[in-house]
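Report on one structure; see the data block that follows.
First listed ligand is number 1; within each ligand, the first listed atom is number 1. Position 1 is the first residue of the sequence; numbering continues from there.
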Amino acid sequence: MAASARGSTDVSLVVVVHGGGASNISADRKERVREGIARAATEGYKILKAGGSAVDAVEGAVTVLENDPEFNAGCGSVLNVKGDVEMDASIMDGRDLSAGAVSAVRCIANPTKLARLVMEKTPHCFLTGHGAEKFAADMGIPETPVEKLITERSKKHLEKEKLEKGAQKADCPKNSGTVGAVALDCKGNLAYATSTGGIVNKMVGRVGDSPCIGAGGYADNNVGAVSTTGHGESILKVNLARLALFHVEQGKTVDEAAELALNYMKSKLKGLGGLILVSKTGDWVAKWTSATMPWAAVKNGKLQAGIDLCDTKTMTMDLC
Ligand SMILES: COC(=O)C[C@H](N)C(=O)O
């Protein structure tokens, strides 16, 4: 059985965010993570309330998390084997399936904003490495010195990982905080965004699932929107986001669809992770097979957030 939280049926504004599926989060970080994830969901919801689109809302929510050093995206990204930051992100508009992605980008504060520019300003879906960085410069995005993206925690994390190398099972990323959001706006449009520093101690040039449309996320107004987190190589192999939406298309509830997709990945590959899903009717679910997955959701002005099943405390805040 996968762990989960879910919302009920009726059409309305919905934002759901996640802060990455991972092994246990230490007690001292829990409150900071919970506060950050709730702030991101609130930001996304405010954008929807002000008449913004689902794409605006997911970009806004994920930007909050990229700027928060507690999460593995933007500032706070985990480091590769060389101690460097290489980030991946993607975004998708469920209206027309337009999508934008970037991978292995370095001196960029908000890779999701860059992914949106790829979607809106180029004839392509996906730019990588130098080309993506050149495009960012052409779009007037200032270069962020890499030191501003690296935290003491991410340095310690790499050191610890190098010492313990071999002890970790490859199918469960340790304490990673990849971030993502899904949203349903007042016009019935759906979108997702996912952003990550990837996995600690990764090879230079390694690209995970997060920028890959269908794996790291998917949005289609006819079905729903999904953002995923977890072991990237497993997520890529099962196309986790599209797989979950396939089950919704087949008539499963959002809860059943998420569970079927995650359990398939676990049984086939021993791959652990999590996902958030909102359907075209506004039903949502946050579900994970990893030990924890910080999540927050706002629907009908009510905010709920949680981290793991042992920590069932949820906040309910009236945002009407
Ligand atoms: C929780 O960690 C992650 O989500 C990492 C990300 N899926 C990757 O493999 O790049």
Side-chain angles (χ1 to χ4, degrees), residues 2-3 17-26 29 33 36-37 62 65-66 68 70-74 76-81 84-90 101-106 111-112 115 126 128 153-154 157-158 161 168-182 192-218 226-244 258 261-262 265-266 269-276 286-295 307-308:
V17 298
H18 70 76
S23 53
N24 289 319
I25 297 174
S26 63
R29 282 192 62 222
V33 165
I37 204 85
V62 167
L65 296 169
E66 286 174 339
D68 186 332
E70 291 301 329
F71 296 92
N72 170 20
S77 286
V78 296
L79 305 180
N80 68 14
V81 66
D84 201 0
V85 169
E86 288 187 325
M87 298 167 290
D88 302 332
S90 61
V102 292
S103 68
V105 291
R106 295 181 64 254
T112 303
F126 201 149
T128 191
R153 193 167 62 85
S154 62
H157 191 179
L158 179 63
E161 185 63 25
Q168 180 187 354
K169 282 205 287 172
D171 52 14
C172 182
K174 264 191 187 169
N175 296 321
S176 288
T178 291
V179 302
V182 294
Y192 95 85
T194 305
S195 182
T196 189
I199 52 175
V200 66
N201 206 24
K202 65 186 180 181
M203 288 173 70
V204 174
R206 180 265 187 187
V207 174
D209 58 301
S210 304
C212 297
I213 311 302
Y218 203 81
V226 178
S227 170
T228 66
T229 176
H231 183 240
E233 284 69 11
S234 300
I235 295 172
L236 278 166
K237 288 172 193 165
V238 301
N239 268 297
L240 185 63
R242 196 63 192 81
L243 180 63
L262 286 166
M265 185 167 88
K266 191 171 168 185
L269 302 166
K270 300 194 181 72
L272 303 181
L275 63 85
I276 49 176
K287 195 173 269 286
W288 60 98
T289 49
S290 44
T292 67
M293 188 183 77
W295 62 271
I307 293 186
D308 57 45

In terms of side-chain geometry, is the basic nitrogen of Glu233 or Lys202 positioned less than 4.0 Å from the acidic oxygen of its partner?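 Answer for the salt bridge query: no.
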Considering only NZ, NE, NH1 and NH2 on the basic side and carboxylate oxygens on the acidic side, decide whether Arg29 and Glu70 come within less than 4.0 Å.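 Counted as a salt bridge, because a side-chain N and a carboxylate O are separated by less than 4.0 Å.
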Contact atoms of ligand 1, heavy-atom distance to Gly198 under 4.0 Å: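 Near Gly198, the atoms of ligand 1 are 5 (C), 10 (O).
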I need the atoms of ligand 1 closer than 4.0 Å to a non-hydrogen atom of Asp209, numbered in the order shown.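 Checking each atom against Asp209, I get 6 (C), 7 (N), 8 (C), 9 (O), 10 (O).
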Proximal candidate to atom 4 (O) of ligand 1 [heavy atom criterion; set Leu272, Thr229, Thr196]: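 It is Thr229 that holds the nearest heavy atom.
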Nearest heavy atom to atom 9 (O) of ligand 1: which of Arg206, Glu233, His231 does it belong to?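 The nearest heavy atom belongs to Arg206.
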Report yes if some N/O of [X] lies less than 3.5 Å from some N/O of ligand 1; otherwise report no.
X	answer
Gly20	no
Thr178	yes
Gly232	yes

Applying side chain to side chain donor-acceptor pair (under 3.5 Å), run through Thr128 and Ser103 and close with a yes or a no. CA-CA 5 Å; Thr128 191; Ser103 68; 2.6 Å; yes
Could you check whether Thr194 and Ser210, counting side-chain N and O atoms only, form a donor-acceptor pair closer than 3.5 Å?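 No, no side-chain donor-acceptor pair sits under 3.5 Å.
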May I ask you to check whether Ser90 and Tyr192 show a side-chain donor-acceptor distance below 3.5 Å?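 Yes, side-chain donor-acceptor contact under 3.5 Å.
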Ile37 and side-chain contact (heavy atoms from CB on, under 4.5 Å): which partner among Ile307, Val17, Val179?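 The residue from Ile307, Val17, Val179 that satisfies side-chain contact (heavy atoms from CB on, under 4.5 Å) with Ile37 turns out to be Val17.
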